[in-house]
There are 2 protein chains.
Amino acid sequence: MNFSKQRELILDVLRQNPIHPTADKLYELVRPLMPSISLATVYRNLNQLVDNGSIRKISGLDGAVHYDHCVEKHYHFICTCCNKVYDVPYNVAEDLEQKLKSFTGLEAQSTELTFKGLCSDCQKSN
Amino acid sequence: MNFSKQRELILDVLRQNPIHPTADKLYELVRPLMPSISLATVYRNLNQLVDNGSIRKISGLDGAVHYDHCVEKHYHFICTCCNKVYDVPYNVAEDLEQKLKSFTGLEAQSTELTFKGLCSDCQKSN
DNA sequence: AATAAAAATGATAATGATTATTATTATCAA
DNA sequence: TTGATAATAATAATCATTATCATTTTTATT
């Protein structure tokens with residue numbers, strides 16, 4: 001696998017800011033470190049990193065796709081108030097693909113489990 | 001709850017075409033029955049139907065939001081080849097919200113579980 | 001039934017996220 | 001060093017969705 005400076009930087013910044021950012025947010029984070037970088041380059045490299053399995057997409061949020069530097073099996077909780085994305089450990093629901101197969105015969109290549117609700121921060125402030 | 005002719009028609013067509021269509025696809029299906037209807041009206045009414053719990057959104061597909069006339073608890077399988085959305089019965093994974101709560105303390109208002117892979121049709125044709 | 005108020009519509013402009021295009025630049029093997 | 005290939009920055013184009021607004025429909029009230 002070949003890495004351009006831009007792709008390396010994007011991956012580094014994503015790994016050092018595990019906040020499940022959007023492409024736009026990542027652009028904002030990367031720009032101070034490489035002011036000449038283009039938003040299109042951010043999108044292009046994020047897609048490539050997803051394709052080669054280095055990172056993961058999180059969809060299901062309002063509009064924009066978010067990116068996850070963690071490729072270990074886990075799930076997500078999205079706060080309906082502040083829109084923050086929280087990680088949910090895998091042991092909340094294990095072997096879903098296996099259950100899918102035994103119930104339906106279908107074989108899953110990937111599984112996305114996302115909960116929505118109020119996070120504890122937003123519960124307090126209401 | 002109040003229903004305009006347009007809203008009633010949109011809901012009817014969605015219920016009679018349980019193919020998890022996008023707003024655009026639904027517009028295409030409704031137009032022959034009411035040629036004067038506007039795409040904006042389709043979007044507006046779909047949002048209202050979602051808000052009052054008559055239908056559900058499915059996100060996580062490439063780009064567009066899909067709509068589900070079935071509000072019973074269930075999950076989805078999306079074919080990575082033909083992009084069709086299949087229903088997955090609830091008993092594949094029950095009480096996920098309860099498990100989430102006991103593991104993390106978080107309370108989910110909604111849960112979305114989506115598998116991706118090749119459907120049996122697409123497996124055959126490859 | 002008449003009518004004022006409220007809600008919904010159709011048409012279309014505007015927005016926001018993402019992808020495509022294109023001319024230019026970086027990388028690297030021969 | 002050259003030529004081939006891949007990647008880039010800039011920006012135009014696309015696609016899904018929402019906002020706007022003048023007009024029409026529905027609803028409630030007299």
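Lettering of chains follows the sequences in order, A, B, ..., and the numbering in each one begins at 1.
- Between B:R44 atom CZ and D:dA16 atom C1' there is a gap of 16 Å when expressed in whole angstrom units.
- The nearest whole Å value for the distance from the CD1 atom in A:I10 to the P atom in D:dA9 is 9 Å.
- A:Q6 CD to A:I37 CD1: the interatomic distance, rounded to the nearest 0.5 Å, is 5.5 Å.
- Other residues, nucleotides and ligands contribute over 12 non-hydrogen atoms within 6.0 Å of the CD atom of A:Q109.
- Rounded to an integer number of Å, the gap from A:Y67 OH to C:dA17 C1' is 10 Å.
- Taking side-chain N and O atoms only, B:Q6 has no distance below 4.0 Å to OP1 or OP2 of D:dT25.
- As rounded to whole Å, 15 Å separates atom P of D:dA16 from atom NZ of B:K57.
- Put simply, A:I58 and A:Y75 are part of two different groups of oily side chains (I, L, V, M, F, W, Y) that touch within less than 4.5 Å, one to the next.
- Across every non-hydrogen atom of B:Y67 and B:T22, the tightest pair is CD1-C, 4.3 Å.
- When each of B:K5 and B:G63 is assigned the nucleotide of DNA chain D bearing its nearest heavy atom, the one mapping closer to the 5' terminus is B:G63.
- Residues from residues 13-43 of chain A lying near DNA chain D, meaning a heavy-atom separation below 4.0 Å, are A:S36, A:I37, A:S38, A:A40, A:T41 in numerical order.
- Ion pairing between a basic and an acidic side chain is recognised when a charged N comes within 4.0 Å of a carboxylate O; B:E8 and B:K5 show no such pairing.
- Look at CG on A:L9: it is 11 Å from P on D:dT8, rounded to the nearest Å.
- At most 12 non-hydrogen atoms from other residues, nucleotides or ligands lie less than 6.0 angstrom from NZ of B:K101.
- Distance CG (B:N45) to C1' (C:dT9): 9 Å, rounded to an integer number of Å.
- Rounded to a whole Å, the CG atom of A:N52 is 16 Å from the P atom of D:dA6.
- The side chain of B:N47 has D:dT18 as its nearest neighbour among D:dA16, D:dT18, D:dA9.
- Remark: P of D:dA6 and CG of A:D51 are 16 Å apart, rounded to the nearest angstrom.
- Ring-centre distance between B:H20 and B:H76: below the 6.0 Å cut-off.
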